[in-house]
Amino acid sequence: MLRSEWKFTYPAARLAEAALAKFTYHDERHAWWSEKRHEVMATIRSEGIEVDERMVLAHTNPKAQDWDRGTRVMVRNDLQENLAECMQKLRHHTALRRDYDGWIQALQANATAHMELDIDDYLFFFGRN
């Protein structure tokens, strides 16, 4: 028998408990990343803005000054990357919270049923985070 074809039978109530544990984990991670996003946004607001003024504006002849391209405002790259990471993690944990919440509802509604799990199912409910 191939390992990929193995089946494991679990009561739905036990799967609901496992789904609740996974939901709780992802809920905690979501809260952590949400707080981290607020911290990054506060840093961006307080110190992350840079103004790049080009040398062309220092020229004494006003006709030679390039007012359209002379100055630009930027957010520090490290802060942009931190914010992007926060947003990606929030998307990830939001999606998994939604998935596990759905499984909790379905499994609690069918608590006396028994389910056959393959390895992917087992890891979804019981795998390490």
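In this text the structure is predicted, and so the values were computed from the model without any measurement.
The minimum heavy-atom distance between A19 and Y100, with the atom names listed, is O-CB, 3.8 Å.
Considering CZ of F23 and NE2 of H30, their distance stands at 10.0 Å, rounded to 0.5 Å. Taken to the nearest 0.5 Å, the CG atom of D121 stands 7.0 Å off from the NZ atom of K7. Taking CD1 from I104 and CG from D99, the interatomic distance works out to 11.0 Å, rounded to the nearest 0.5 Å. Separation of atoms CG (D27) and CG (L96) is listed at 12.0 Å; rounding is to 0.5 Å. One distance of note links OG of S4 with CG of D118; it measures 9.0 Å at 0.5 Å rounding. To the nearest 0.5 angstrom, M41 atom CE is 5.5 Å from I44 atom CD1.
Heavy atoms of other residues, nucleotides or ligands lying less than 6.0 angstrom from CH2 of W33 number more than 12.
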(Q) Working note: L15 + L117, criterion side-chain contact (heavy atoms from CB on, under 4.5 Å); need CA distance, chi angles, decisive distance, verdict. (A) CA-CA 10 Å; L15 295 175; L117 279 61; 3.7 Å; yes

Q | CA sep, side-chain torsions, deciding dist, call: Y10, F126, ring-ring contact (aromatic ring centres under 6.0 Å, His included) | A | CA-CA 11 Å; Y10 280 88; F126 299 105; 5.1 Å; yes

Q | side-chain contact (heavy atoms from CB on, under 4.5 Å) assessment of M115 paired with L107 | A | CA-CA 10 Å; M115 309 295 184; L107 293 165; 4.1 Å; yes

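Residues passing the side-chain hydrogen bond (donor to acceptor under 3.5 Å, both in side chains) test with E81, sequence neighbours excluded: N77. Evaluation of the ring-ring contact (aromatic ring centres under 6.0 Å, His included) rule for F8 yields no partner, not counting sequence neighbours. Contacts of N110 classified as side-chain hydrogen bond (donor to acceptor under 3.5 Å, both in side chains), with partners at least two apart in sequence or in another chain: none.
Y25 and W32 fall into different hydrophobic clusters, defined by Ile, Leu, Val, Met, Phe, Trp and Tyr side-chain heavy atoms under 4.5 Å apart, directly or through other members. Under the 4.5 Å side-chain heavy-atom criterion for grouping Ile, Leu, Val, Met, Phe, Trp and Tyr, V40 is not connected to M74 through any hydrophobic cluster. Residues Y122 and W103 fall within the same hydrophobic cluster, defined by Ile, Leu, Val, Met, Phe, Trp and Tyr side chains chained together at heavy-atom separations under 4.5 Å.
Using a cutoff of 4.0 Å between basic side-chain nitrogens and carboxylate oxygens, K36 and E39 are scored as salt-bridged. Of the charged side-chain nitrogens involved, at least one lies within less than 4.0 Å of a carboxylate oxygen, so that E47 and R76 count as a salt-bridged pair.
Taking the ring axis of W6 as reference, the NZ or CZ atom of R3 does not stay both within 45° of it and closer than 6.0 Å to the ring centre.
Note: H26 and H92 have perpendicular aromatic rings, judged against thresholds of 30 and 60 degrees for the angle between ring planes.
Remark: side-chain polar atoms of T24 are paired, donor with acceptor, to backbone N or O of L20 under 3.5 angstrom.
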